[in-house]
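Letters go in sequence order (proteins before strands), and every chain restarts at 1.
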Number of protein chains: 4
Amino acid sequence: MGNSFGNIFRFTIFGQSHAPAIGVTVEGLPAGEKIDFEALQSFLKRRAPGGKYSTSRKEADAPEFISGIKGDGISCGSPISAIIRNTDTRSGDYSNLKYVPRPGHADFAAMVKYGEGRDYAGGGQFSGRMTAPLCIAGGIALQMLEKEGIKISSRIVSIGGETDEEKMFALIDSARAEGDSLGGIIECVAEGVPPGIGEPMFGGLENRISQAVFGIPAVKGIEFGAGMAVGAMRGSENNDEFCFENGKVKTIGNNHGGILGGISSGMPIVFRAAVKPTPSIAKVQRSVDMLKGENTVLEIKGRHDPCIVPRALPCMEAAMAVALYDALLEAKPGGLQNGH
Amino acid sequence: MGNSFGNIFRFTIFGQSHAPAIGVTVEGLPAGEKIDFEALQSFLKRRAPGGKYSTSRKEADAPEFISGIKGDGISCGSPISAIIRNTDTRSGDYSNLKYVPRPGHADFAAMVKYGEGRDYAGGGQFSGRMTAPLCIAGGIALQMLEKEGIKISSRIVSIGGETDEEKMFALIDSARAEGDSLGGIIECVAEGVPPGIGEPMFGGLENRISQAVFGIPAVKGIEFGAGMAVGAMRGSENNDEFCFENGKVKTIGNNHGGILGGISSGMPIVFRAAVKPTPSIAKVQRSVDMLKGENTVLEIKGRHDPCIVPRALPCMEAAMAVALYDALLEAKPGGLQNGH
Amino acid sequence: MGNSFGNIFRFTIFGQSHAPAIGVTVEGLPAGEKIDFEALQSFLKRRAPGGKYSTSRKEADAPEFISGIKGDGISCGSPISAIIRNTDTRSGDYSNLKYVPRPGHADFAAMVKYGEGRDYAGGGQFSGRMTAPLCIAGGIALQMLEKEGIKISSRIVSIGGETDEEKMFALIDSARAEGDSLGGIIECVAEGVPPGIGEPMFGGLENRISQAVFGIPAVKGIEFGAGMAVGAMRGSENNDEFCFENGKVKTIGNNHGGILGGISSGMPIVFRAAVKPTPSIAKVQRSVDMLKGENTVLEIKGRHDPCIVPRALPCMEAAMAVALYDALLEAKPGGLQNGH
Amino acid sequence: MGNSFGNIFRFTIFGQSHAPAIGVTVEGLPAGEKIDFEALQSFLKRRAPGGKYSTSRKEADAPEFISGIKGDGISCGSPISAIIRNTDTRSGDYSNLKYVPRPGHADFAAMVKYGEGRDYAGGGQFSGRMTAPLCIAGGIALQMLEKEGIKISSRIVSIGGETDEEKMFALIDSARAEGDSLGGIIECVAEGVPPGIGEPMFGGLENRISQAVFGIPAVKGIEFGAGMAVGAMRGSENNDEFCFENGKVKTIGNNHGGILGGISSGMPIVFRAAVKPTPSIAKVQRSVDMLKGENTVLEIKGRHDPCIVPRALPCMEAAMAVALYDALLEAKPGGLQNGH
């Protein structure tokens, strides 16, 4: 059931890179909610290919909403299903990959798991393109959270280890020129989350957000607040002391990243995630031919981003949004349903 | 539903630090499996208090198995329920904490979430003591994985930033003397996991393991393989190339930490997690009195570990084990049920 | 989460009667399974309108498979999504129903639940048309079960209390002439189910099948084996004794309907379900105007079946199939995945 | 996962008839709820053995609450776990049943499912005794529903086909004298359920209630409102027309049993369930010896009820209660959690 996420606001992503379509079915959005489709389209555009640093595949990424929305753009309580047709597919580009797994890709694991049934064209269901449906669900969640006063944003912390913004993009240019790729670090913040949201133990906000964020291909690490650095800290340094500020309880500092015991503290929720360099590089790489049972070398064709970090920003926001909105609905269920 | 984990091998942890008991109910263990209770007890002992660097609370942590096991120590297919009686509780120690949240603890978030209903004695359901039931479920999972040739181990990478083992413990001694505490980094490795285990997207091994690991109080970050460092890498450097080795597909290097596209590659599964310093420190800290609505200072009494990192080792192994065993049963369920 | 069913073979139905489309997203079908689309279309045709005793709405009910299937008709392990475009919709027909609930329909309950957001055109998400996606999921499950030697069939036991087949249809003719409708009883049987499938208590086959069958609008009762009649029996009469037959354990008689303790016994699984008369009748009925807050009378226009029992047959088979196939995958999961 | 029920108010039943204990772990009860333990004990007593028509096994059925409740009897938001020790067990009584399945019991199905691991003593996890934990969870749900103005009651409709109350019990006496047993029909009603509770399709109230009710051993059929009889009705007869009564929408008649489209209509929710005669009878019955692979005869010893229908009444109320309370929490504004 890997393609589904959430308990109340629960969605299932479907499709493969070269299937007729990709899409998402979303259950649990309360009835009567107005969706701003223009804002949603703008959000999706941030993820879509077409920018200077992205694949040359052309996709409008304009979802068609086939259920759950009435003529006036209002949710009706029925599951919302949205699809994006796959148009600019060139399956021929992938024919040499059927039995030769690409280093850093899911190919080998998928071969073992799915056998001959596997759809390998364009990465199949492991394609980065599957983040478009995530952004549809996330874009809807973002709008619902905004109505509750919750705002989510993200920024690039570093690319290829470089934190200076101009130098980052110079690095990408040189990586591209060399047929190579670059990873990076993204920070994502949710402001305005009321305290008391989340569940203990395995239902905590860190658990849910990380479950969503690792759903974005290429993420290899996630940290909240001070993150991995807490390992080098003393309690007296790491503890965020409490104080009243304008009648509200706040903490001095935010090493805890807005989450204590899995539950929101009312402080901004902050995570950073590491995105690995795009595994598809132009350089010749060693691999295996699983049909012939021998070592071989591989040259990857097709269209690929030298660095997906910029396009991953809305995906991180979407992942944060679906996790938080689901937890919010769980904490005050029916609440949103029956008029708030 | 924060206290439950897993799809097939699904368990629910219950109890509070000062309730009559804590425990766990485990569904989904196939019938006919022999459990080595002596080995399980040894595993639990690694987590139990009593060591030089732990709280002075004395608890035998000897679970009573009240269901799911027949007289001969064999699982019968019914849920396994195990309880540990709470004996050495001194609830009086916590009376000053009812309305004054401890910095770094779940107290404030729990107050907002549960209101007056909250059980604050000993940290209630947010106590580190709740990792004992996790270790019961995890200890059973570890034994089942071993039958499948999968071995899980863990080690301390660093404490307070120090990686030298002798110096680490000297650091803890000085932190304790100063009424302070220390965090650390733990690495956990699973060897022998066959390729093809896990689901795409939100059901991937990274998603599941991180959901389990963030269930351990104090964890603020997790990374797989090269982890956060992939953000500073090039694709040519990060990609693990494939080769045949004794007729099996391996990768040269393991930056991917044994997981590609959420699915096991057959290489060792490796994660590192950051454990924050114990928030309960002897030093006076600023906090708020939520009853009086004013700032105050807090001095925490009670018995606490200056560094929980050593005791967190079996918890990490347990978290890895429950996530992997659940994924394994999902991938070849019934398999185990119907005789392997 | 009412629109989803199943644990392993899990599907979500979406759409409304007058939305752009209706459809279903199916997770958990193992990769590498060939689907016979012609047989599936024939199965769907049994449910589709067009027969002598059905609504005059014309719908081809030809699903488009937009994901999860490779070009060669083989499942690839990714969720299967299929949609049916709604074409012959006449929303105007329903404008008088916005605030006046139809007796016997979900209208009033839906008004309270969804408020102004509700999509009332054509019954919205409560339309009998939503059984088409159920039949897509069920039709796939039926084919998978057949590969395992399991065959599902159904028959009309009675319509309007009449069990003679010719008289049944005469009854429908006269009900139609009078602007009235008729209910009936359907029996559904699954042969070839191996013993040992199902879970105890709430995961039993009776629990799962009834959860699926009550998902078909108009069902008001379900019974297994001797069913409601067991209430008037003695144990010596109701107990099915065991015997060996050709080396296999059988029961003499099948009052238990193939299910004991929630688990299959190897005997045919038998249920009967009562389908209420179509609530949309031409006769004038008393109702309320919820906008004006007063009693009123209602005359229902639109196209409706005088008796949906014949079209409900494939729906019952679909409900039985999804419940059994899900339980089968749970009992020997991975089994099917990893080569059977 | 057959031992668990519910989405928000979710509980897991554990134990076997002759294990050290049976019990239940309940998640999702909001914090701050007072439980009346005396009333709960009275409720459990209605199910407990000891009456004239029940087994002679003596069990106090007095649960110990080991977690989730604070000293003052208030729920604290942590899972509630309650256990009942098994004391009066005589496992020797069952030694002849290891390989010879009792007609009408789960024995054979369990042998196939669990193999040698199976715990057959006293019926193991299939014992009617497992309804005691159901009544603990249900008894708590009943109290919560009462706070919301919802009252659940039940009555015996018939035993052995007899509806006259005096004659019923005479029938039981004669069945007992003959070493035989009797089935019966129970009706259960929930009054005061507000309209709008429940989900469409598979999450409807009929689906949920039937999933719970078939969890009670011996139930072979369930019907709502007019039930199986709708099959013989006309729409004009079955449809419940709407009218205003004291400013509230009511229906004239209740053939729909308080549920339309899976959602509550505000009218009383009514179901009837058929309970089969206790399969354990003193009469000699034909069975098979699965070890020897030959036909045999079986004489059942042990203590058994000639008719479990009276003791099944609280079980039906419990099943109704857990299904309704779970649906109510799902529908209701975080309501219950955040102060109502």
Side-chain angles (χ1 to χ4, degrees), chain B residues 1-4 6-8 10-16 18-34 64-72 74-81 83 85-86 91 110 112-121 124-126 130 337-339, chain D residues 1-4 6-8 10-16 18-34 64-72 74-81 83 85-86 91 110 112-121 124-126 130 337-339:
Chain B
M1 310 292 93
N3 288 58
S4 295
N7 296 324
I8 308 280
R10 181 177 174 86
F11 60 90
T12 303
I13 289 174
F14 53 84
Q16 307 106 257
H18 291 201
I22 59 175
V24 66
T25 300
V26 181
E27 289 184 274
L29 185 72
E33 296 287 353
K34 181 145 197 91
E64 180 196 5
F65 285 81
I66 57 178
S67 76
I69 310 285
K70 289 196 301 177
D72 47 1
I74 304 284
S75 65
C76 72
S78 179
I80 294 172
S81 207
I83 63 176
R85 294 276 167 185
N86 286 323
S91 294
V112 175
K113 183 174 175 65
Y114 299 114
E116 290 288 332
R118 171 172 94 100
D119 181 2
Y120 61 90
Q125 60 176 309
F126 295 92
M130 300 307 294
Q337 180 69 45
N338 299 321
Chain D
M1 309 292 93
N3 287 58
S4 295
N7 297 324
I8 308 280
R10 182 178 174 86
F11 61 91
T12 303
I13 288 173
F14 53 84
Q16 307 104 257
H18 291 202
I22 58 174
V24 65
T25 300
V26 181
E27 289 183 275
L29 185 72
E33 296 288 354
K34 178 141 199 97
E64 180 196 4
F65 285 81
I66 57 177
S67 74
I69 310 285
K70 288 195 301 176
D72 46 2
I74 304 284
S75 65
C76 72
S78 180
I80 294 172
S81 208
I83 63 175
R85 294 277 167 185
N86 286 323
S91 294
V112 175
K113 183 174 175 65
Y114 300 114
E116 291 287 331
R118 171 173 94 100
D119 181 1
Y120 62 90
Q125 60 175 307
F126 295 92
M130 300 308 294
Q337 179 70 47
N338 300 321

S.K.: Between Ser75(D), Ser78(D), Gly124(D), Gly23(D), which has the largest tally of heavy atom pairs under 4.5 Å with chain B?
M.R.: Ser78(D)

S.K.: If you round to the nearest 0.5 Å, how far is CG of Asp72(D) from CD of Glu116(B)?
M.R.: 10.0 Å

S.K.: If you round to the nearest 0.5 Å, how far is SG of Cys76(B) from OH of Tyr120(D)?
M.R.: 12.5 Å

S.K.: Given the options Gly32(D), Gly71(D), Ser81(D), Gly2(D), which has more heavy-atom pairs under 4.5 Å with chain B than any of the others?
M.R.: Ser81(D)

S.K.: Let me know if Glu27(B) has heavy atoms under 4.5 Å from chain D in its side chain, its backbone, both or neither.
M.R.: both

S.K.: Okay, side chain of Gln16(B), backbone of Ser67(D): is any donor-acceptor separation there less than 3.5 Å?
M.R.: no

S.K.: If you look at every heavy atom in Lys70(B) and Arg118(D), which pair is closest and at what distance?
M.R.: NZ-O, 3.3 Å

S.K.: Considering non-hydrogen atoms only, spot the tightest contact between Arg85(D) and Ile66(B) and give its length.
M.R.: NH1-CG2, 4.0 Å

S.K.: How close do Gly117(D) and Ala31(B) get, counting heavy atoms only, and between which atoms?
M.R.: CA-CB, 4.5 Å

S.K.: Taking all non-hydrogen atoms of both residues, which atom of Gly77(B) and which atom of Gln125(D) are closest, and how far apart?
M.R.: C-NE2, 3.5 Å

S.K.: Against chain D, label Ile69(B) side chain, backbone, both or neither, depending on which of its atoms sit under 4.5 Å from a heavy atom there.
M.R.: backbone

S.K.: Using the side chain to side chain contact (heavy atoms under 4.5 Å, CB included) definition, which of the options Ile13(B), Thr25(B), Asn3(B) pairs with Thr25(D)?
M.R.: Thr25(B)

